Amino acid sequence: MKRILFATLLLNFVIGLSFSTQVLANGVLLESVGPVSTGRGATNIAHSDTGSMVYDNPAGLTRPASDRIEFNADFFSFSMHYQDADNDEEGKEPLFILPSLFYTKHFDELPIGLGVGIFNSAGYSTKYDLYYHGKQQEYSSYSSLSKLLVGAGYKITDGVSFGMGIGASYSKIELKMPYTFQNPDLASKIPATAFIDMDADAWSYTWNMGMQWDMSSKTTVGLAYRSQDSFDMQGKFDMDVPALGNPPYNVPNTSAHYDLDFDFRWPQSAGLGLLHRLTDRHILSFDVMWIDWSSAFDELTLKLSN
């Protein structure tokens, strides 16, 4: 028995190492929240054993046998490297921490379940100090998506459950980098390099829904949908063109400060999950996800004022 258990753990470890780079995230958007769903390859749509079902599929809130409180912290290490004729640098902020807190309540006498979660579902961060036109400058970027979701599940029949969640989402974006003017008329009149510092954030609403169906005592199918998170970002945009202080321009103040406004969208997604209980201690599950990247990150138009 011990040999079988050891072989099973070893196989799971090898499979996890082999596919971890594919299953943990899709770009900067997480496909799992918390160690349990991450540990089984980011599958959670047909499951009901973690607090993160508030995010993945609120239909599972009707199924847990007891109340639960979960606190998790996901750690992502970004390995970034940049090289050109003047630079050969590693990213200086490779670690990104994404905490989460979930509470779920199950009612034995009622066909409903409730849950609330505070968590991060997307993010990235990196920083470089690079030489640009003979001067060392900071290149850095940061973005995150945080959510507060309140969910409820309703058991329609003994084998079919439906759930929905609604809440608030918060996103923040920071960016520092040199910028080269692309407009030929503008580039011909002033030096082509500016240094920008951008910082913006916004609140919005978010929602999700899902269902689960027990095809048999061993097999469960789940469907889930997460809304697009659309933000009217507002913040500051600072720009400095140091070369304008030199002849023939001799501008006394080479910096400008603007109010910033732009629209930003994190993508909507939909998924299908399948869970099959092989034995009391072994399960087989997979999720298939569609993420609408073409309607998000397609373009970014900055509006500067004041």
Side-chain angles (χ1 to χ4, degrees), residues 13-35 37-39 41-42 72-100 119-146 171-182 187 191-201 229 231 233 235-243 260 262 264-267 269 289 291-294 296-302:
F13 179 73
V14 172
I15 292 175
L17 287 180
S18 301
F19 292 97
S20 61
T21 55
Q22 284 77 32
V23 301
L24 296 184
N26 192 308
V28 297
L29 191 68
L30 302 187
E31 291 181 353
S32 63
V33 175
S37 58
T38 300
N72 308 306
D74 291 315
F75 298 86
F76 287 84
S77 179
F78 294 91
S79 179
M80 302 288 187
H81 182 263
Y82 178 80
Q83 184 176 12
D84 61 19
D86 300 318
N87 299 278
D88 188 0
E89 294 290 331
E90 298 288 341
K92 296 188 184 316
E93 294 184 2
L95 188 64
F96 199 82
I97 303 174
L98 300 174
S100 59
F119 55 93
N120 296 89
S121 60
Y124 61 85
S125 175
T126 189
K127 178 181 178 181
Y128 297 97
D129 290 320
L130 302 178
Y131 285 95
Y132 185 81
H133 288 193
K135 183 179 180 181
Q136 192 175 52
Q137 299 291 334
E138 178 181 334
Y139 287 71
S140 62
S141 61
Y142 168 90
S143 183
S144 64
L145 174 63
S146 305
S171 189
K172 182 177 180 63
I173 296 178
E174 298 176 358
L175 180 67
K176 288 185 179 181
M177 61 178 291
Y179 177 76
T180 301
F181 294 104
Q182 303 297 319
T193 303
F195 299 97
I196 63 173
D197 183 352
M198 185 181 92
D199 187 350
D201 62 355
D229 295 291
F231 296 92
M233 290 279 190
K236 67 179 183 68
F237 186 96
D238 299 332
M239 181 169 61
D240 184 28
V241 188
L260 174 64
F262 65 96
F264 189 79
R265 296 181 296 274
W266 294 94
S269 64
M289 294 294 299
I291 301 176
D292 188 18
W293 287 112
S294 62
F297 291 11
D298 186 46
E299 63 179 15
L300 186 63
T301 301
L302 306 182

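These numbers were taken from a predicted model, which means no experiment stands behind them.
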Any heavy-atom pair between the side chains of [Y] and [X] that's under 4.5 Å?
X    : Y    : answer
K172 : D199 : yes
Y82  : T126 : no
K236 : L260 : no

Note to self: Whether the side chain of D292 engages the backbone of S269 through a donor-acceptor N/O pair (distance < 3.5 Å, no angle test) should be reported.
What the structure shows: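 Looks like no, no N/O pair under 3.5 Å.
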Ignoring hydrogens and angles, tell me if any N or O in the side chain of N72 forms a donor-acceptor pair with the backbone of S100 under 3.5 Å.
no
About how many Å separate [atom2] of [Y] and [atom1] of [X], when rounded to the nearest 0.5 Å?
X    : Y    : atom1 : atom2 : result
E90  : K127 : CD    : NZ    : 15.5 Å
S146 : D229 : OG    : CG    : 10.5 Å
L145 : N120 : CG    : CG    : 8.0 Å
Q136 : D86  : CD    : CG    : 11.5 Å
R265 : S171 : CZ    : OG    : 12.5 Å
D88  : H81  : CG    : NE2   : 4.0 Å

To check you understand the geometry: which heavy-atom pair defines the closest contact between [X] and [Y], and what is its length?
X    : Y    : answer
E138 : P178 : O-CD, 4.4 Å
S32  : D74  : O-OD2, 4.3 Å
I196 : F237 : CG2-CZ, 3.7 Å
Y128 : E89  : CE2-O, 3.8 Å
F264 : M233 : CB-CG, 3.9 Å
Y131 : N87  : N-OD1, 2.6 Å

Might you work through the side-chain hydrogen bond (donor to acceptor under 3.5 Å, both in side chains) test for S144 and Y142, ending with a clear yes or no? CA-CA 7 Å; S144 64; Y142 168 90; 3.2 Å; yes
